[in-house]
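Everything below concerns the one structure shown next.
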Amino acid sequence: MKRVLRAAGRLWAVPVVLVVWELVTRAAENLSFPPPTTIAASMYEMWLTGPPERLWLTDAALENIPASVGRLLAGWVLAGVIGTAVGLVLGRRPLYFRFVDPLVQFARAIPPPMLLPFFMALFAIGPQMQINVIVFGIIWPVLINAAEGARHIDRQYVDTARVFGLSLKQRLFLLVLPAAMPKIFAGLRVSLSLALILMVISELVGSTDGIGFQLLDAQRSYDLPGVWGTIVVLGVLGYVLNSAFLAAERRVLSWHRTAKQTT
Amino acid sequence: MRFRLAGRAVVAGLAAVLTLSACGGSDAKTDTASASGLEKTKITIGALPIPDSAALYIANKRGFFQKEGLTVDIQVVQGGAQAQQGLFGGSLDATQTNYVSTFLAASAGNKPKIISDLYQATPNSFNLMVAKDSSIKSPADLKGKKIAVNSLRNIGTLSVTSVLKTHGLTDKDVEFLEFPFPDMAGKLEQGVVDAAWMTEPHLTAVQKNIGAQKLADTMVDSTADFPIAGVIVTEDFANKNPKTVAAFQRAVAEAQKISASDRKAVEEILPTYTKGIDAATAAVITLGTFPTSLDATRLQRVADLMLEQGLLKSKIEAKSLLLGNSG
């Protein structure tokens, strides 16, 4: 009961904002700013008016949303794996790190949308190009954080590992990776929100499906409620991904908190 | 404390909502009356860097606007659809646009008013191009291919769809991608797209520079002599600034007469606002015609073809988008 009340207390602003938004937009009667009820109706029309055997999902919903989410997750997982692997190596080998660091800092500073035309020329338009753009754009926070995490491992742990004569593989999986985990997760979280942005951008330019494409198409059709509806879906998607990530992080890193407490 | 924080969050949220809706209002302050009695003397107009907009640049260069007491700032835009968004959003006072985008905007509840006709198609003024050694030999080979257009759902997609139809395909058989005209040559060469819908001066340039081949003329049959582009303002703007609009129309009409009768004038002005086009190229490009009057019957063809292709859900009378008979 208390929990429900607390949740309600946290969310009470949402309906208030929605009602005010509705009233203001109704009064303004500006086509560019449709009221939330119109946006909701347009979202329903766009995605939920399909046949019942497909849970009422329309072609647009089945084509665009899974395509976008798929590319986003594929890019994020790839960036996570590659970034962590490279980052750990760099973190444990100060010499490599010194050489590679300027390159990393340079590559990280390039705004990824600027590279879209090059990726378009390198890969055919399609998921491959979009995933590459996402990976290139979001790998840096993971890589840098993993390197940081691996660099600053408690001396005591390292010495203990040496005393017990752990092999390289054991050291990596029992010491370095777990010790760097909180940092890696911090990097992964930043990457996830970046991945959403890059997903949309890569679909706005040179794409034929996805949520970003639907946004562009709605714009070109002067379907402003549709544009807003797509924006709402993107917002919800970002919120859901972040919440899911936080839940996973709490679970995976719970040992870390308890371990810290006992030392 | 918690409550105060939450309260602040609400205030911030409200402020955000109010600011957003305030942006939509866009009560552009009109310049106060000038000596010539114009409601507004400074106009910002969107234009594409293609021959369609020649009259606007000629009017500016030869002082036709100044003579009417107008200062016209021409802003380069990628496509009519994008420009119209700027117009309805309030960042542009007027814009060049293709008529397909205009009818589409009108069908969505916007209120555009066409004030000047600028450009009409002639054979080979808007062609589908393919790369030098493309395997695509006929529009029928375009099934499953990617076609570059400057904007989705505009005159490009409409005329290409009409060509596809002649060859037994529909717009569902191909994929349209948005690229600005100047980028299309590169995209064709890199194989990013299989075909590109282009207009001059890029048509001539792409043949000369990368040896691109013409696949089809898109201004044939149902799109022969098709009305392409004109200048629009919002109904609101036209109502508030009737004298400014009339002055603008007179200046453009004067320039339009020059474009229509004197090809040299167009050739001279083109290199000043299109990138990478020298005088030699300008001399050989295929130009459309520059209509000197605004005619509802001609414009109606666009709306009717859009209805036929399903781009419009219900019939629109072209007449309803005109101010009067002034050209």
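The structure displayed is predicted, hence computed values, not measured ones. By convention in this document, chain letters (A, B, ...) are assigned in the order of the sequence lines, proteins followed by strands, and residues within each chain are numbered from 1.
You'll find the side chain of Leu152(B) reaches within 4.5 Å of the side chain of Phe213(A), heavy atoms only.
Contacts with chain B were tallied for Asp223(A), Leu122(A), Leu216(A); Leu216(A) has the most, counting heavy-atom pairs under 4.5 Å. Contact count versus chain A (heavy atoms, under 4.5 Å) is highest, among Lys187(B), Gln84(B), Glu189(B), for Gln84(B).
Atom CD of residue Glu175(B) and atom OG of residue Ser207(A) lie 8.5 Å apart, to the nearest 0.5 angstrom. Interatomic distance, Phe103(B) CZ to Tyr222(A) OH, rounded to the nearest 0.5 Å: 13.0 Å. The distance from the CZ atom of Arg220(A) to the OG1 atom of Thr157(B) is 11.0 Å, given to the nearest 0.5 Å. Atom-to-atom distance recorded for Ile125(A):CD1 and Leu177(B):CG is 4.5 Å, nearest 0.5 angstrom.
Using a 4.5 Å cut-off between heavy atoms, Asn110(B) contacts chain A through both its backbone and its side chain. Neither the backbone nor the side chain of Asp209(A) comes within contact range of chain B; no heavy atoms are under 4.5 Å apart. Looking at Ser101(B), both its backbone and its side chain come within 4.5 Å of chain A, counting heavy atoms on both sides. At a 4.5 Å heavy-atom cutoff, Glu29(A) makes no contact with chain B through either its backbone or its side chain.
Within 6.0 Å of atom NZ in Lys132(B), 12 or fewer heavy atoms from other residues, nucleotides or ligands are found, so the atom counts as exposed in its surroundings.
Considering all non-hydrogen atoms of both residues, Ala108(B) and Ser221(A) come closest at CB-O, 4.2 Å.
Heavy-atom proximity under 4.5 angstrom to chain B picks out nothing from residues 35-43 of chain A.
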